[in-house]
Amino acid sequence: MDRRSRLAVAVLSVLVLTAGCTLPAFAPDGSDQPARQGGASTPAPAESGSAIRWKPCPEVPRGLVGRTAAGMTYDCATVPVPKDWAAPVAGETYGIDMIRIRSDRQKDRIGSLLLNPGGPGGSGIDVAVYLSFGQALGGLPTEVTDRFDIVGFDPRGVGESDPVKCISTKDQDASFAADPDPAEQAAFDEIAALNKRIADGCAKEYGPSLRTYSTEQAARDLDALRAAVGDEKLTYLGFSYGTLLGATYAQLFPKNVRALVLDGAVDPTENYVSGSEQQAKGFERAFTNFTKWCTQNAAKCPIAPDARGAVTDALAKAETSPVPGADGREATPGWIFLSVISSLYTESGWTSLAEAIDALAAGDAEGVFELADQYAEREDGKYSNLFDANLAVNCADTDKAPTVAEVRRLQGEWRTKYPMFGPALAIGMLPCTYWGGQRDPYPVGKAEGAPPIVVVGTTGDPATPYENTADLANMLGVGHVLTWEGEGHTAYPSTACIRDAVDAYLIDLKVPQEGLRCPPK
């Protein structure tokens with residue numbers, strides 16, 4: 001599936017890739033990725049009131065989607081920021097690439113709406129482009145685009161912003177293909193060795209700079225971007241990991257907040273282990289919801305009535321007899337597992353998963369690889385740097401990772417509690433166990449002095465479980481929970497109820513009714 005044909009999928013799910021997930025998956029060196037044209041940098045870090053040198057860049061949406069959105073103009077720029085905000089050194093900067101999308105219907109402009117799609121590692125430039133295609137394709141409503149410039153940015157280390165590239169394509173493929181639950185000690189040791197090799201390679205490539213990819217550093221970049229676009233206060237829409245970035249910003253710069261929408265909450269008070277377990281719980285719940293849907297919708301689910309059994313059987317058979325794919329890969333348990341993960345991000349993905357598992361039983365692995373490659377950003381055998389950046393940010397943020405022995409113990413414990421996803425989420429912590437870079441944990445606490453912040457949660461969210469929503473709102477002290485009783489990862493702008501509540505907040509600063517719960521449809 002090429003990027004152009006992924007438009008509907010990407011818009012409807014606010015990018016399938018915005019996982020916020022710490023699965024045992026890593027990315028390649030990404031050296032094949034072409035530089036995005038249209039950016040322009042200046043020699044000194046951005047300061048309040050500094051002019052941005054915007055340049056037209058219609059080639060960006062054309063490259064992603066094949067066209068520009070009707071009535072929208074696209075301009076790009078690069079804003080330099082210090083590599084290390086804690087100890088800035090003259091001349092040592094990262095360039096933060098941005099895109100500004102402006103409707104020709106814009107009137108009574110409020111300012112800029114800055115976007116982050118999550119990951120960490122997702123491109124804010126890409127998601128801004130997708131969302132610019134309007135409500136008919138699941139994008140932003142005209143009520144928002146008529147009042148705001150839509151500004152997407154690639155955070156430091158991501159996409160076009162001095163991207164982190166330290167993992168080979170070979171290791172990326174090996175990681176995705178590996179058994180998500182290696183029971184035998186020799187198999188576990190092999191995966192552990194792969195993780196160590198990857199971590200050591202990143203440390204060799206970047207050394208002390210690894211610490212500078214932390215969320216706190218990125219939050220300080222966000223304030224520089226706010227100043228650079230000329231906004232006195234920040235209006236921000238963050239999905240998944242983007243909620244953590246937004247929450248960190250609110251703690252560091254509470255008086256610079258105008259309105260923050262944090263959709264698909266990460267709970268900053270969770271440690272690395274408890275956060276991974278919460279994700280295992282969330283994915284297990286979403287998979288159970290999928291299996292119930294199959295039972296109730298057998299006409300749309302060819303693996304009904306026992307969808308869980310069909311997936312479990314597919315994983316077991318793949319251990320000894322993986323089905324070959326057209327490109328030479330084999331549909332090993334790892335690739336099948338990744339296709340399951342990918343499909344749970346949107347309810348519309350459930351049918352695709354059922355069809356892929358059914359086709360796999362008949363000897364056709366293409367559906368499995370299509371789902372897996374959507375999640376991995378793998379195209380023509382090559383990857384973006386999504387998982388390089390994901391690894392660098394997650395590990396820089398992690399104060400204390402579990403030991404190898406603790407990971408092995410948790411693998412067994414979580415297998416009992418969360419049989420489909422627990423072992424993989426435990427093993428997914430190994431990269432940060434071996435990480436050689438210094439750590440820079442984000443702050444945890446109240447956003448004293450900030451205005452009301454809207455935290456949106458989806459009851460069936462697999463990657464950022466609904467329980468996180470109230471936890472994040474309570475931690476901030478000024479958070480207000482808005483609930484979607486739906487399936488999939490993140491909620492806005494999925495339904496009219498959610499859309500209306502968020503739009504009223506973004507435009508008029510009207511906080512949603514306390515306890516508002518929006519129906520699935």
Student: Less than 6.0 angstrom separating the ring centers of Phe290 and Phe283, yes or no?
Tutor: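 No - the distance between ring centres of Phe290 and Phe283 does not fall below the 6.0 Å cut-off.
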Student: Measuring from Trp85:CH2 to Arg156:CZ, what's the distance to the nearest 0.5 Å?
Tutor: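 The CH2 atom of Trp85 sits 8.0 Å away from the CZ atom of Arg156.
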Student: Report the relative orientation of the aromatic rings in Tyr345 and Tyr375; use parallel for angles under 30°, tilted for 30 to 60°, perpendicular for over 60°.
Tutor: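 It falls in the tilted class, 30° to 60°.
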Student: Run the ring pair (Phe, Tyr, Trp, His ring centres under 6.0 Å) check on Phe337 and Phe421 step by step: do they pass?
Tutor: CA-CA 9 Å; Phe337 178 78; Phe421 301 94; 5.6 Å; yes
Student: Check whether any side-chain N or O of Glu366 sits under 3.5 Å from a backbone N or O of Ala326 as a donor-acceptor pair, and report yes or no.
Tutor: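 Yes; at least one donor-acceptor contact below 3.5 Å.
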Student: Step through the shown structure and confirm whether more than 12 heavy atoms of other residues, nucleotides or ligands are within 6.0 Å of CD on Glu190.
Tutor: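 No, CD of Glu190 has 12 or fewer neighbouring heavy atoms, counting only those of other groups under 6.0 Å.
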Student: Would you check if Glu467 and Asp267 make a side-chain contact, meaning some heavy-atom pair closer than 4.5 Å?
Tutor: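 Sidechains of Asp267 and Glu467: no contact.
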Student: Might you work through the side chain to side chain donor-acceptor pair (under 3.5 Å) test for Asp399 and Tyr272, ending with a clear yes or no?
Tutor: CA-CA 8 Å; Asp399 189 18; Tyr272 195 41; over 6 Å; no
Student: Do Asn390 side-chain atoms and Gly121 backbone N/O form a donor-acceptor pair below 3.5 Å?
Tutor: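 Not confirmed, Asn390 side chain does not pair with Gly121 backbone.
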Student: Do the side-chain N and O atoms of Tyr434 and Asp200 include a donor-acceptor pair separated by under 3.5 angstrom?
Tutor: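 No, because no side-chain N or O of Tyr434 sits under 3.5 Å from a partner of the opposite role on Asp200.
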Student: List the atom of Val407, the atom of Pro402, and the distance in Å for their closest heavy-atom pair.
Tutor: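 So the minimum-distance heavy-atom pair works out to CG2-CG, 3.8 Å.
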Student: So do the side chains of Leu222 and Phe253 get within less than 4.5 Å of each other, counting heavy atoms only?
Tutor: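 The answer is no; the side chains never approach within 4.5 Å.
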Student: Donor-acceptor pair, distance only, cut-off 3.5 Å: does the side chain of Thr243 make one with the backbone of Val266?
Tutor: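 The answer is yes, because a donor-acceptor pair under 3.5 Å joins these two groups.
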Student: Going by atom types only, do Tyr418 and Glu277 share a side-chain donor-acceptor pair under 3.5 Å?
Tutor: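 There is such a pair (donor and acceptor under 3.5 Å, judged by atom type) between the side chains of Tyr418 and Glu277.
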Student: Work out which heavy atom in Glu216 is nearest to a heavy atom in Pro441; give both atom names and the distance.
Tutor: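 The answer is OE1-O, 3.9 Å.
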Student: Is Asp327 paired with Arg329 through a side-chain N to carboxylate O contact shorter than 4.0 Å?
Tutor: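 A salt bridge is present here (some side-chain N lies under 4.0 Å from a carboxylate O).
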Student: Can you confirm whether Asn474 sits close enough to Thr269 that some side-chain heavy atom of one is under 4.5 Å from a side-chain heavy atom of the other?
Tutor: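 Answer no - side chains too far apart.
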Student: Please tell me if the side chains of Lys165 and Tyr206 come closer than 4.5 Å, counting only heavy atoms from C-beta onward.
Tutor: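 When only atoms from C-beta onward are counted, Tyr206 and Lys165 do touch, with a gap below 4.5 Å.
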Student: Using only atom types and a distance under 3.5 Å, with no angle test, would you say the side chain of Ser342 pairs donor to acceptor with the backbone of Leu338?
Tutor: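 Checked: no pair found.
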Student: So do the side chains of Met420 and Val311 get within less than 4.5 Å of each other, counting heavy atoms only?
Tutor: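 When only atoms from C-beta onward are counted, Val311 and Met420 do touch, with a gap below 4.5 Å.
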Student: Measuring from Leu430:CG to Lys196:NZ, what's the distance to the nearest 0.5 Å?
Tutor: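 Spacing of CG (Leu430) from NZ (Lys196) equals 12.5 Å.
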Student: Is the backbone N or O of Gly264 less than 3.5 Å from a side-chain atom of Asn468, with the two atoms forming a donor-acceptor pair by type?
Tutor: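 A pair under 3.5 Å: no.
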Student: Taking only Lys NZ, Arg NE, NH1 and NH2, and the carboxylate oxygens of Asp or Glu, determine whether Lys417 and Glu413 approach each other closer than 4.0 Å.
Tutor: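 Between Glu413 and Lys417 there is no salt bridge, as every charged N stays at least 4.0 Å from the carboxylate O atoms.
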Student: Roughly how far apart are Asn289 CG and Cys294 SG, rounded to 0.5 Å?
Tutor: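 Answer rounded to 0.5 Å: 11.5 Å.
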Student: First locate atom CG of Leu353, then atom CG of Asp358, and finally report the distance between them rounded to the nearest 0.5 Å.
Tutor: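 Those atoms lie 11.0 Å apart.
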Student: Charged N to carboxylate O below 4.0 Å: is that the case for Glu284 and Arg308?
Tutor: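 Salt bridge between Glu284 and Arg308, a charged N being under 4.0 Å from a carboxylate O: yes.
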Student: Under a 4.5 Å cut-off applied to non-hydrogen side-chain atoms, are Asp171 and Leu194 in contact?
Tutor: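 In contact.
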Student: Considering only NZ, NE, NH1 and NH2 on the basic side and carboxylate oxygens on the acidic side, decide whether Lys83 and Glu92 come within less than 4.0 Å.
Tutor: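 No.
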Student: Is the closest side-chain donor-acceptor distance between Tyr383 and Asp173 under 3.5 Å?
Tutor: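 Looking only at side-chain atoms, Asp173 and Tyr383 do form a donor-acceptor pair, the distance falling under 3.5 Å.
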Student: So Trp484 and Asp461, do their side chains get closer than 4.5 Å, heavy atoms only?
Tutor: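 Sidechains of Trp484 and Asp461: no contact.
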Student: So how far is it from Arg439 CZ to Asp397 CG, rounded to the nearest 0.5 Å?
Tutor: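 So the CZ of Arg439 and the CG of Asp397 are separated by 10.0 Å.
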Student: Per the side-chain hydrogen bond (donor to acceptor under 3.5 Å, both in side chains) rule, which among Asp84, Thr212, Asp162 passes with Tyr94?
Tutor: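 Single pass found, and it is Thr212.
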Student: Testing the 3.5 Å rule here: is there a donor-acceptor pair between the side chains of Arg220 and Gln217?
Tutor: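 No pair is found: no donor N or O on one side chain lies under 3.5 Å from an acceptor on the other.
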Student: Nearest 0.5 angstrom please: Asp263 CG to Thr458 OG1, how far?
Tutor: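 It comes to 6.0 Å.
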